[in-house]
2 protein chains.
Amino acid sequence: MTSSDADSPAISDGPDLYSIADLAREFGISTRAIRFYESKGLIAPERLGATRVFRRRDRARLILILRGKRLGFSLRDISDYLALYDADRGQQVNLLAEKVDERLELLEQQLADLQTTIAELQEIRKLARTRVSPAS
Amino acid sequence: MTSSDADSPAISDGPDLYSIADLAREFGISTRAIRFYESKGLIAPERLGATRVFRRRDRARLILILRGKRLGFSLRDISDYLALYDADRGQQVNLLAEKVDERLELLEQQLADLQTTIAELQEIRKLARTRVSPAS
DNA sequence: TCATGGCTTTACGTTAGCGTCAAACAACTG
DNA sequence: CAGTTGTTTGACGCTAACGTAAAGCCATGA
């Protein structure tokens, strides 16, 4: 009931409602992985009977999860990270800001590491090319 | 014998020669971890009898290993990465350049992810602060 | 000489993050 | 109605990256 009464904004982009296989296909992961993420509390799809039903919110979270993984974070870390988004709805805002700052420090360290590494690799590549073709 | 005859350049910064405990202490990791890295071929310290003796080269590799870990790479990945440094001494230079490019692509994806994430967190922090203090 | 500290190897234990059946139910299709 | 497809919940398996003894070899110092 109240599929679009006066609850959520009337915007509708892609489809809402995805099956577990839909998302698995879209993101190139296994259904097993998705269930695993749910078991760890990272997502909480609704149920239609026993069947999981995912909405845009769940899909958005999945995107954040996968990005976190690309960045090398553990599911525990990612879970904490998602909590920062949820916490948006006020509450212990000071504590939130603290946690965000902590996380930001880590990420900026990582950013520095990354830039150093990229620079080094580009240097190596330059050296390699020099030996092959003096000036192309 | 030939502790500094005409083998290596005469430059000498910090001390050369570290024990496994030295490095463990310096980098805040366990000796077990260091032995594990050796068992995986990431470092290859010399031996004095049975005792491992590390030189600057090993120490430098360790630094790269730890940076790789901070970036979320597996030891396998890091191993490949170290090989790029070693390969510096010519050989299949074309293949090297390819691998370097592959790795660079990954890193740049990661860089993008990271920047997005940092921006989002800063946004969250801004919102949080707004609720607390309008203009400080 | 014996205790102490640091080093070694061997080996089993542990956690994370899924992969891979297995068994069962639901809906659709020919 | 049987078969196929998609879903569910277990439950066991597996790799990575170490942790954690256990047991032994040296060297040093009281």
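For clarity, every value in this text was computed on a predicted model and none was experimentally measured. The chains referred to below are lettered A, B, ... by the order of the sequence lines, with proteins before strands, and numbering in each begins at 1.
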Tell me the interatomic distance from A:I20, atom CD1, to D:dT8, atom C1', rounded to whole angstroms. 9 Å
Report the C-alpha distance between B:L42 and B:F36 in whole Å, list the side-chain angles of each, state the deciding distance to 0.1 Å, and finish with yes or no for side-chain contact (heavy atoms from CB on, under 4.5 Å). CA-CA 9 Å; B:L42 300 193; B:F36 187 72; over 6 Å; no
Side chain proximity check, B:I65 to B:I43, heavy atoms < 4.5 angstrom: yes
Gap between atoms CZ and P, on A:R47 and D:dT8 respectively (whole Å): 7 Å
Could you check whether A:T116 and B:R67, counting side-chain N and O atoms only, form a donor-acceptor pair closer than 3.5 Å? no
Take atom CG of B:L23 and atom P of C:dC7, then tell me their distance rounded to the nearest Å. 11 Å
Any B:L62 side-chain heavy atom under 4.5 Å of B:E26 side chain: no
Using a cut-off of strictly less than 4.0 Å, decide whether B:S19 has a side-chain nitrogen or oxygen near OP1 or OP2 of C:dC7. yes
Atom-to-atom span, CD1 of B:I65 to C1' of D:dA17 - whole angstrom: 13 Å
For the side chain of A:Q110 and the backbone of A:L71, is there at least one donor-acceptor N/O pair under 3.5 Å apart? yes
Check the pair A:R47, A:E38 against salt bridge (Lys or Arg N to Asp or Glu O under 4.0 Å), reporting the backbone distance first and the verdict last. CA-CA 12 Å; A:R47 297 287 183 135; A:E38 180 185 8; 3.2 Å; yes
Nucleotide N/O of nucleotides 10-20 of chain C paired with protein N/O under 3.5 Å:
residue	atom	partner	partner atom	Å
C:dG17	OP1	A:L75	N	2.7
C:dC18	OP1	A:K69	NZ	3.1
C:dC18	OP2	A:Y37	OH	3.0
C:dC18	OP2	A:K69	NZ	2.5
C:dG19	OP2	A:S30	OG	2.4
C:dG19	N7	A:R32	NE	3.4
C:dG19	O6	A:R32	NH2	3.2
C:dT20	O4	A:R32	NE	3.0

